[in-house]
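Both ligands and their constituent atoms are indexed starting at 1 by order of listing. The basis for the numbers below is simple: all heavy atoms, side chains too, and nothing from hydrogens, waters or symmetry mates.
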Amino acid sequence: MTDQSSELIHGGLVTKSLDQLRLEPNLRGYDELIKTFKWSDADSLVEWFPGGKINSAHNVVDRHALGERADKVALIYDDGEGSVQKLTFRQLYEETNRFANVLSKLGVKRQDRVFVFLQRSPELYVSFIGTIKACAIASPMFPAFGPDAIRDRLLDSSAVAVVTDAELVKRVYQVKNQLPELKHVIVVDEADAAAGEVSYRDEMKAASAEFQTVHMDPEEFQFMLYTSGTTGKPKGVVHAHKGIVQQTLTSRWVLDMHEEDVYWCTADLGWVTGVVYGCLGPWSCGVTQVGLGGRFNPEMWYRAIQDHGISIWYTAPTAVRMLMAKGDDIPRKYDLSRLRVLYSVGEPLNPEGVKWALDVFDSKPFHDTWWQTETGSILITNFPEMPIKPGSMGKPLPGVEAAIVDEDGKILPQGEEGNLAIRPGWPSMMRQIWKNEAKYNEYMRNGWYYTGDTAQIDSDGYFWYVGRADDVIKTSGERVGPFEVESALIEHEAIAEAGVIGKPDQLRGNIIKAFVVLTPGFSESDELKKEIQKFVKSKLAGHAYPREIDVVETLPKTRSGKIMRRLLRAQELGLPVGDTSTLEG
Ligand code: PRX
């Protein structure tokens with residue numbers, strides 16, 4: 001491994017030899033396709049039921065299990081502690097059938113909301129897909145969430161069931177009395193029958209391995225995920241079964257899945273990347289996927305790539321930066337030669353990350369991909385056949401019209417910074433914000449879907465991320481709303497008011513920083529700050545707490561009493577404070 005990046009980057013472009021990909025890329029001829037492709041061209045990538053009905057779970061599992069891939073390994077689950085479990089498509093089919101039968105027996109009805117609140121495990125995939133088969137809406141929930149985060153999600157969606165384990169269920173109990181519509185608590189290990197819990201193991205054992213996957217209208221919902229905005233509690237982003245068309249297409253065209261690939265997505269199923277590209281899309285392509293348990297650990301990650309012969313790897317910039325920080329000696333200990341293509345998502349991928357990969361992974365760069373919980377699949381990306389411009393998100397998927405627009409929806413000239421907007425109508429686009437039409441409508445303006453990001457386009461048509469147009473914080477690639485953190489903070493007795501911003505950070509992209517006004521009688525100390533951090537972590541989630549807390553006398557507010565986070569951020573970063581005409585006098 002020599003310094004290969006310098007040989008491969010010319011004039012800011014990483015030129016790739018297609019031999020590096022080892023297989024002919026699925027997408028060839030982008031320039032032609034961007035002009036000619038129609039969404040109906042992709043319909044044949046999935047199987048439909050008579051009368052135009054569909055079920056994404058049929059495409060993800062059943063069609064392979066009932067066809068030539070029945071004995072192919074679908075899941076290699078590596079718990080990170082030495083135990084590896086493999087499930088073929090046939091086994092995944094039978095297990096998901098059983099789970100669908102369990103839900104039907106419990107009386108879960110069409111489009112009821114079922115939450116999957118589990119650590120990474122085979123059961124996580126089984127219950128998620130089984131729920132979709134049974135025509136309910138599956139909602140995965142990040143296992144680090146605390147009681148407040150759980151309550152907000154289950155309450156807003158009127159969830160009827162949650163699948164969890166003996167450890168995580170304790171957090172559900174802390175808020176269960178506030179969830180009158182939650183009827184079933186299904187516990188994977190050691191259920192407590194006396195407490196009314198349903199035993200996953202017992203019910204699965206008793207259930208039939210036969211189930212008729214429900215035929216759904218393409219517009220009916222397959223899954224929903226809660227995500228953060230600038231204001232208010234997290235909102236439920238709802239996705240239709242039709243989305244599987246684009247989820248399959250992008251897995252082929254962008255992630256370049258071929259029959260012989262072994263693929264690993266590092267994202268948890270609690271986030272959209274894990275759902276779409278750590279479960280649905282790749283399996284719809286019939287590819288073998290690796291699921292890795294445990295926490296981030298460079299040795300374990302490289303070992304997994306080596307041991308399972310991973311050829312396609314989808315990860316996030318923070319992970320790339322953490323691996324870079326650990327140095328190049330660790331990867332040298334492992335045989336990583338099966339890797340063909342690497343991808344990243346969730347936050348800007350620094351050019352250094354692209355270059356580092358060229359050096360460490362034998363001339364293979366990371367391909368940056370851009371999308372959101374709301375978009376349901378990748379919309380802008382660096383395609384395998386194209387040269388990469390390090391630092392750029394790449395180009396729009398054929399079928400996607402992306403532009404930089406102003407507040408009135410006018411397309412801005414090339415090179416100008418503005419709102420990144422997409423013309424609505426792509427198949428995997430969210431269908432609604434759960435029970436909140438007004439929130440949904442906020443995205444849709446002047447005939448465009450406003451992404452909330454700002455960006456610009458260069459003269460070659462490559463898109464460059466600039467930042468968020470709103471106050472949403474991306475920390476280690478995870479999306480956090482300042483309002484949620486502020487709400488948790490002010491529940492602490494020592495805090496009267498709080499304002500929260502994202503502060504740029506080398507490793508994590510951003511960290512969460514809080515400015516707090518203390519309640520009279522409390523005074524600033526390191527102990528108090530630590531206690532506050534612990535308090536927020538336990539209520540919200542391990543990743544959603546302020547790593548920095550500043551105690552202040554007052555917070556800048558508008559005359560209507562809204563905290564001006566923009567000002568806090570400008571002050572913190574030494575930027576111009578801009579228009580302050582609405583500031584409280
Ligand atoms: O700000 C953009 C950032 O992540 C946001 C979407 O977050 P989420 O819904 O959690 O989905 C993340 C994974 C699909 C975007 O609005 N983002 C995503 N990809 C990139 C990115 N920022 C810069 N570069 C990217 N490639």
Side-chain angles (χ1 to χ4, degrees), residues 140 142 223-230 234-239 243 246-247 250-251 254-255 265-281 314-321 342-351 353-354 365-383 388-397 402 417 419-422 428-430 433 442-443 449-457 462-482 484 502 504 508-510 541 543-544:
F142 189 47
F223 70 89
M224 70 193 285
L225 268 170
Y226 277 79
T227 194
S228 303
T230 296
K235 48 201 173 173
V237 176
V238 189
H239 286 283
Q246 192 172 351
Q247 286 146 4
T250 48
S251 298
V254 182
L255 303 181
C265 170
T266 60
D268 191 273
L269 247 72
W271 308 115
V272 77
T273 309
V275 169
V276 174
Y277 297 112
C279 181
L280 301 173
Y314 197 13
T315 189
T318 295
V320 174
R321 289 191 293 266
L342 324 177
Y343 300 89
S344 144
V345 68
E347 38 171 337
L349 174 66
N350 326 49
V354 177
F366 276 105
H367 294 72
D368 192 12
T369 67
W370 177 94
W371 59 297
Q372 306 176 298
T373 307
E374 294 88 338
T375 69
S377 55
I378 296 166
L379 296 192
I380 300 174
T381 190
N382 290 278
F383 291 89
I388 290 175
K389 290 196 185 187
S392 158
M393 309 190 287
K395 295 190 178 187
L397 188 78
E417 224 177 273
N419 299 294
L420 175 60
I422 317 286
S428 69
M429 177 174 143
M430 67 166 165
I433 296 291
E442 282 174 17
Y443 291 93
Y449 162 81
Y450 278 70
T451 65
D453 285 352
T454 55
Q456 61 189 68
I457 309 175
Y462 280 78
F463 282 63
W464 296 77
Y465 180 83
V466 175
R468 287 287 310 183
D470 57 20
D471 294 334
V472 166
I473 302 166
K474 274 288 174 142
T475 176
S476 298
E478 284 159 0
R479 185 161 155 182
V480 177
E484 297 159 65
R508 295 187 167 81
N510 290 282
H543 67 279

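The parts of Thr373 lying near ligand 1 are both backbone and side chain, judged by heavy-atom distances below 4.0 Å. In Trp371, the parts holding a heavy atom less than 4.0 Å from any atom of ligand 1 are both the side chain and the backbone. Within the 4.0 Å heavy-atom criterion, neither part of Glu478 lies near ligand 1. At a heavy-atom cutoff of 4.0 Å, ligand 1 is contacted by the side chain of Val272 but not by its backbone. Residue-level proximity to ligand 1 for Glu347 is carried by the backbone, the only part with a heavy atom below 4.0 angstrom.
Ligand-side atoms of ligand 1 in range of Thr273: 13 (C), 14 (C), range being under 4.0 angstrom from any heavy atom. Distances below 4.0 Å separate heavy atoms of Arg479 from the following atoms of ligand 1: 6 (C), 7 (O), 8 (P), 9 (O), 10 (O). For ligand 1, the atoms lying closer than 4.0 Å to a non-hydrogen atom of Thr369 are 19 (N), 25 (C), 26 (N). Near Pro348, the atoms of ligand 1 lying under 4.0 angstrom from a non-hydrogen atom of the residue are 22 (N), 23 (C), 24 (N).
With Trp371 as the partner, the side chain to side chain contact (heavy atoms under 4.5 Å, CB included) test is satisfied by one option alone out of Val345, Thr381, Thr451, Val254: Val345.
Using cut-offs of 30° and 60° for the angle between ring planes, the Tyr449 and Tyr443 rings count as parallel.
In this structure, Glu484 contributes its side chain and Gly481 its backbone to a donor-acceptor pair below 3.5 Å. At distances below 3.5 Å, not a single donor-acceptor pair connects side-chain atoms of Ser476 with backbone N or O atoms of Glu478.
Rounding to the nearest 0.5 Å gives a distance of 13.0 Å between OG of Ser392 and CH2 of Trp370.
Side chains of Arg479 and Thr227: a donor-acceptor N/O pair is present below 3.5 angstrom, by distance only. Side-chain contact check for Thr315 and Thr266: at least one donor-acceptor pair (N or O, by modelled atom type) lies under 3.5 Å.
Ranking the protein heavy atoms by distance from atom 19 (N) of ligand 1 puts Gly346 N, 3.2 Å first. In this structure, the protein non-hydrogen atom closest to atom 10 (O) of ligand 1 is Lys474 NZ, 3.3 Å. The shortest contact between atom 15 (C) of ligand 1 and any protein heavy atom is with Asp453 OD2, 3.2 Å.
Aromatic rings of Tyr277 and Trp271 (six-membered ring for Trp) have centroids beyond the 6.0 Å cut-off, not under it.
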